[in-house]
Amino acid sequence: MNKLLVSVTASLALLAATPTMAQQEGQQNPANPQTQSPGYSDPAAAGTQSTNFSDAQLKEFIEAQDQVMEVREEYIEKIEAADSQQKAQELQMKANDKMVSAIQDAGIEISTYNAIATAYSSEPKIRTRVDALM
């Protein structure tokens, strides 16, 4: 359970950084038309969603979280070992893209994933339900 909580928190941190980094990148390079990738959403906004999730949504979350954890493990050492801030940001963007793809491939919307992750971190009822489905 603690491993999932740490993974959820780390995943949210990576996903949360994406829109900010994309906006900064767009400001630095106005010729770049892709300043914010579609599919990303602000996890902070996820708190506005209801926490009445179906078991199917929670199962999709678990599947997505397993894939996100694999991506995180693949990229964390690369990001930490990067020889420049720019290289670290590039690697983080690649990791984020893969995480978003993994979440979408699991059949869950990014906003729903983020809402469940936030609820898992802060609401014992949701944490208990997710843990029971694992």
A.B. asks: Quick check: does any side chain N or O of R129 sit under 3.5 Å from a backbone N or O of F53, one acting as donor and the other as acceptor?
C.D. replies: yes
A.B. asks: Apply side-chain contact (heavy atoms from CB on, under 4.5 Å) to E70 and list each qualifying residue two or more places apart in sequence or on a separate chain.
C.D. replies: Q67
A.B. asks: Working to the nearest 0.5 angstrom, can you tell me the gap between Y75 OH and E80 CD?
C.D. replies: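 Rounded to the nearest 0.5 Å, the OH-CD separation comes out at 15.0 Å.
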A.B. asks: Supply the atom-to-atom distance T128 OG1 to E123 CD, rounded to the nearest 0.5 angstrom.
C.D. replies: 11.0 Å
A.B. asks: Which heavy atom in L91 sits nearest to a heavy atom in K78, and how many Å separate them?
C.D. replies: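 Heavy-atom minimum between the residues: CD1-O, 3.3 Å.
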A.B. asks: Determine the minimum heavy-atom distance between Q57 and I116, stating which atoms define it.
C.D. replies: O-CD1, 3.8 Å
A.B. asks: Could you walk me through whether R127 and V130 pass the side-chain contact (heavy atoms from CB on, under 4.5 Å) test, one step at a time?
C.D. replies: CA-CA 5 Å; R127 184 177 308 126; V130 169; 6.0 Å; no
A.B. asks: So, do Y120 and Q65 sit near enough that their side-chain heavy atoms are less than 4.5 Å apart?
C.D. replies: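 Y120 does not reach Q65 side chain to side chain.
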A.B. asks: What is the distance from atom CG of N96 to atom CD of Q89, rounded to the nearest 0.5 Å?
C.D. replies: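 So the gap between those two atoms works out to 11.0 Å.
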A.B. asks: Just how far is it from atom CD1 of I126 to atom OG1 of T118, taken to the nearest 0.5 Å?
C.D. replies: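 One finds 11.5 Å between CD1 of I126 and OG1 of T118.
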A.B. asks: Rounded to the nearest 0.5 Å, how far apart are CG of D55 and CD1 of I62?
C.D. replies: 9.0 Å
A.B. asks: Quick one: CD on E63 to CG on L133, what's the gap to the nearest 0.5 Å?
C.D. replies: 13.0 Å
A.B. asks: Is any side-chain heavy atom of I103 less than 4.5 Å from a side-chain heavy atom of F61?
C.D. replies: no
A.B. asks: Could you walk me through whether E60 and Y113 satisfy the side-chain hydrogen bond (donor to acceptor under 3.5 Å, both in side chains) test, starting with their C-alpha distance in whole Å, then the side-chain angles of each, then the deciding distance to 0.1 Å, before giving a yes or no?
C.D. replies: CA-CA 8 Å; E60 289 170 345; Y113 173 88; over 6 Å; no
A.B. asks: Between S101 and D97, is there a donor-acceptor pair closer than 3.5 Å when you use the side chain of the first and the backbone of the second?
C.D. replies: yes
A.B. asks: Taking all atoms of both residues into account, what is the closest heavy-atom pair of V68 and A102, and its distance?
C.D. replies: N-CB, 4.5 Å
A.B. asks: Of the options K94, K87, Q92, Q86, which is the one that meets E90 in a side-chain hydrogen bond (donor to acceptor under 3.5 Å, both in side chains)?
C.D. replies: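 So the option named by the test is Q86.
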